[in-house]
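Here is how names work: the chains are called A, B, and so on, in the same order as the sequence lines, proteins then strands, and each is numbered from 1.
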Protein chains: 2
Amino acid sequence: MEEALTPRQSRILKHIIEEYVVTATPVSSEAVVRRYEPHVSSATVRNEMATLQDGGFLQHPHASAGRVPSDVGYRHYVQYLMGDAHLSQTEERTVLHQFHQVEGDIAEWIHLAAAVLSSSMQMPVVAIPPVAHVSRLRRLDLVEMSPGTVLVVVITWSGTVRQQLIRVEGEPSTTLNQLAEHLNEAFWEQSAADIRVIAAGWSDAGILEMIAHLLDDEDRGQAANLRIEGLSYMAGQPEFGTGDRLQPIVETLERPRTLEALLEPLFQAHGVYISIGQEQPVEALRECSVVLGTYGRPGDISGVVGVIGPTRLPYWRAVPLVEYVAYVLDRLLEGTLV
Amino acid sequence: MEEALTPRQSRILKHIIEEYVVTATPVSSEAVVRRYEPHVSSATVRNEMATLQDGGFLQHPHASAGRVPSDVGYRHYVQYLMGDAHLSQTEERTVLHQFHQVEGDIAEWIHLAAAVLSSSMQMPVVAIPPVAHVSRLRRLDLVEMSPGTVLVVVITWSGTVRQQLIRVEGEPSTTLNQLAEHLNEAFWEQSAADIRVIAAGWSDAGILEMIAHLLDDEDRGQAANLRIEGLSYMAGQPEFGTGDRLQPIVETLERPRTLEALLEPLFQAHGVYISIGQEQPVEALRECSVVLGTYGRPGDISGVVGVIGPTRLPYWRAVPLVEYVAYVLDRLLEGTLV
DNA sequence: GATTAGCACTCGGCACCGTTGACTGCTAAG
DNA sequence: CTTAGCAGTCAACGGTGCCGAGTGCTAATC
């Protein structure tokens, strides 16, 4: 274990990070003195920077360049140096106001959350609508689309709606409503597992399996609903300027599977979660960081919103913003938006 | 108007395009002779190439480079030179087989169509689920989510499901099912316009307007459902290798509005539609081409699938592939998949 | 008249190179 | 512990010259 940082070292690290995040170029000792620490000489700062580098907080691209924060440096920053920033009153009001506009529409919530985050951060965004840990049936509908084809619509406890077409052998359509009513009574508030248990000793197991499957689907259904927006912002980042650097990252972000893996731990946790560079489980995102926030009730109905960017991302803005958007979604989900 | 092309000029143009699409580098007269026209000398080909250039079919990046097809050249190619390529039997079977796997699930159809196209073409893909020109109500559901909050679920004639939360003043929930039943009877097969007319002379206009709005939504709802996938492939294209070229394009493709504009004409038409480079209405896509296919019944229920890439795209593969995928979706939509 | 060989010409790309300037690390003095 | 001073390092930059790919033209040939 290294020595703890002196107050001045902490300050210098903080300055370097905040400078580098903005300029995207290595920070020199001169720059630190000029902009932040005018009472010491650049030589002093150089000594401190060398110490910080030994501690693993900074990197040195080459001899005649300034310093760049390392993943460890960023981690230290978000844990000890950043403080807990908040949005300003007016910013909070602006965000809230936008959500007021779409109060009723679940699908729009998550869309808007993505839009707010990505336009404000100028970075890609992931947003997952509220999904239930264990889905229970709230309502079932059977609608005849054409002779022999029935649309099964399942509404889950969390308000997600899923549908699937199935074919049936020529049954009189009058039965359909009655059948739906019957199933609704029988399986109200049941989970996929429950339904499967009952289905075992049932004659018409086919449609029940389908219903159970649709409920299942929601559990692992983040993939379907998981949406990433603002990928174009990645192309604007100087570290990913060339196509060959950019392509694997965008490809990874487009694939729902890897994102799912990225978000997996979140469904247990609560609050804001930050993963920086190498900490990432996903290989291709080794030069990226994510700031994620959960909303809803962990283990029950919950979702995730967050931003993704290069490790050089303005954590001090991302964290409070994600925090606040998650908070608003939380309240929306509780139906208590004032 | 220029002279019509001689057969040999046509052949050379065709060769140059097919070569350039694969190699992405200007094609020299020597290359044409070597690979395609061994019975004439390079000087002859040069003369023909000069003529083609005068006709506007080719471009000449600089004096010591080969020729590159122009937009006019590509247009000529797809109209007269390409012929009507088809997928091989085995390719068709492969595609069909994949669709068999997900026969029941509407949402999966369009997803799969996108996956098939983008993985086969290695290019971005747009895919719009079937939307109705005029949506009619097939079924309505009212589900109480929590006291005072009701989820309105609308199933349209084309099988799209849309939902929205509304708040109501403390009404006994027993009425809710009856109310839904009542509304279902009253508005079965009605369009948004119809409902609005009736709503005018009705006491409880709020919920009716909501229902009408959800039906409206589907009309302009392409935006919500419009999905573009495989953006990462754009980063792999040599013409968009640098971030500053790539960014405006990806940004444009991510914005549903501009895509909608791009697809607008399609909802009237039928068959495969090709737009090349400058022909595009969208400014930022001046160096891109799209190959789009419609499925469904034009003017009624229809959707669009297609690929987007640099003008240098393998039209001879894109066209039959899009054609076939659209054809399969067509049949799926008719419920006649064998 | 169409084709072709031959040749001069053009121009982008690349490697090379010295210069510049931005920073650092070190040392020795304060 | 701090600081001034200085030598050392290295990326970036602009210039130069060469190479080679590929053309356009011309004159000879079929």
Please list, pair by pair, any protein nitrogen or oxygen found under 3.5 Å from a nitrogen or oxygen in nucleotides 12-14 of chain D.
none

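The side chain of B:T44 places no N or O atom within less than 4.0 Å of a non-bridging phosphate oxygen (OP1 or OP2) of C:dT3.
Of the N and O atoms on the side chains of A:S275 and A:Q280, at least one donor lies less than 3.5 Å from an acceptor on the other residue. Between B:Q59 and B:R67, the side chains place no donor N or O within less than 3.5 Å of an acceptor N or O (distance only, hydrogens not considered).
Whole-Å rounding puts the B:E37 CD to C:dA2 P distance at 17 Å. We find that CD of A:Q9 is positioned 13 Å from C1' of D:dC1, with the value rounded to whole Å. For the pair B:I12 CD1 and D:dT23 P, the computed distance is 12 Å after rounding to whole Å.
By the 4.5 Å heavy-atom criterion applied to side chains, A:I308 and A:L259 are counted as neighbours.
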Where along nucleotides 23-30 of chain C does protein come under 4.0 Å, by heavy atom, of base (B) or sugar-phosphate alone (S), with - for untouched nucleotides?
-> BBB-----
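The two residues B:P61 and B:P26 make their nearest non-hydrogen contact at CG-CG, 4.2 Å. Taking each heavy atom of B:L253 and B:I228 in turn, the nearest pair found is O-CG2, 3.6 Å. Smallest separation of non-hydrogen atoms from B:P69 and B:L58: CA-CD2, 3.9 Å.
A salt bridge links B:E287 with B:R245: at least one charged nitrogen is closer than 4.0 Å to a carboxylate oxygen.
Considering only residues two or more places apart in sequence or on other chains, B:E30 meets the salt bridge (Lys or Arg N to Asp or Glu O under 4.0 Å) condition with none of them.
Residue pairs meeting the ring pair (Phe, Tyr, Trp, His ring centres under 6.0 Å) criterion with at least one partner in residues 31-52 of chain B, sequence neighbours excluded, are B:H15-B:Y36. Within the structure, side-chain hydrogen bond (donor to acceptor under 3.5 Å, both in side chains) contacts touching residues 307-320 of chain B (residues at least two apart or in different chains) are B:E91-B:R317, B:S120-B:R317, B:Q237-B:R312, B:E239-B:R312, B:S289-B:Y315.
For the helix from C:dG1-D:dC30 to C:dG30-D:dC1, the rotation axes defined at the first and last 5 base pairs enclose an angle of 30°, given to the nearest 10°.
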